[in-house]
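Every number for a ligand or one of its atoms is a count from 1 in the order of the listing.
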Amino acid sequence: MHTDYQKHIIDILGRNSDIKFIILGGIHGNEINGIEAIEKILPVLKKKFDPNKGQIYFLKGNLPALEKKERFIHHDLNRLWLDKYIGNNTSEIVELKSLNDLQQLIIRDICKGKYDNCIFLDLHTFSAKSGVFAIPACNAKSLVFAHSFGVPFIDKLSGKLPGTALSYWGKKGMTSMVFEGGTHQTPEATENLMAAIWHSLAYFNLVDGQLPEVIQGRNRLKGISENLPHHLELAYRHQLSDNQKFEMKPGYYNFKPIKKNEALANQDLEIIKSPETGFMLMPLYQKKGSDGFFIVKEKK
Ligand SMILES: [Zn+2]
């Protein structure tokens with residue numbers, strides 16, 4: 001294995017290559033809860049995991065940005081999974097190194113060109129207060145997996161976000177999922193991401209579904225999601241260009257009900273009103289980010 005690829009590996013468990021489960025933390029460098037969740041799970045998992053069940057790869061994403069605890073240095077690593085950047089090491093964008101090392105690590109050393117038995121779980125947090133949800137890739141098995149968490153999941157969003165690792169691996173035929181665990185750098189987010197990992201390991205039969213960690217994790221996710229819509233669809237994406245001055249109005253959080261024409265944000269000298277009635281998703285309360293907010297609707 002190329003030594004630069006190894007820098008992305010936190011740990012590898014198991015020897016049965018029938019199933020390969022890839023868990024990635026820190027594709028956004030300020031989202032350290034994903035790495036924390038992995039580090040907290042590993043010592044427990046090592047005692048309870050039967051290596052004959054499959055292989056589990058724990059990886060970390062944007063290495064230079066993680067060092068600085070920033071979302072990215074030059075470019076969002078989770079918007080670069082596109083043909084024009086894969087295999088391109090000539091640009092000044094520092095993230096291309098992590099992109100190409102991760103892509104090669106997964107293709108050559110983990111999946112070895114075969115994707116139907118590979119699963120990709122991408123751990124995230126966000127700047128808004130509260131709300132935990134999943135975003136599946138646009139394929140049927142990812143949708144079924146998203147359903148299984150018991151938290152709200154957003155259908156048809158991955159196709160609207162070009163260049164995500166989620167859609168890149170989904171298109172290759174993997175079961176591919178983003179799990180958004182809560183607010184950046186809060187202890188709750190780490191707990192929620194741990195719950196998502198334990199649930200996933202049991203869902204793919206890598207650990208026993210009766211383990212206390214799995215049962216507690218599933219109860220935790222269920223508890224957080226009570227009274228929230230379960231299956232949602234993207235209705236609107238408020239995309240930002242590089243030099244726009246965007247300021248979300250205070251008080252928005254994930255799944256807050258929104259009325260059509262409600263004033264949601266200030267942008268340059270304009271007031272941004274909601275084009276739809278629905279629920280708020282990922283309102284931007286941090287400086288870096290390419291989307292101001294999303295509006296989602298419950299799928300009937
Ligand atoms: Zn993120």
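Distances from the Zn ion (ligand 1) to each N, O or S atom of His124 single out ND1 as the nearest. Here the N, O or S atom of His28 that is nearest to the Zn ion (ligand 1) is ND1.
For a distance bound of 2.8 Å, the N, O or S atoms of Glu31 include one lying that close to the Zn ion (ligand 1).
A salt bridge does not link Lys7 to Asp101: none of the charged nitrogens lies less than 4.0 Å from a carboxylate oxygen.
Residue pairs meeting the salt bridge (Lys or Arg N to Asp or Glu O under 4.0 Å) criterion with at least one partner in residues 267-286, sequence neighbours excluded, are Glu276-Lys297. Residues in residues 10-26 take part in these salt bridge (Lys or Arg N to Asp or Glu O under 4.0 Å) pairs, two or more places apart or across chains: Asp11-Lys46.
A distance of 6.0 Å or more separates the ring centres of His238 and Phe294.
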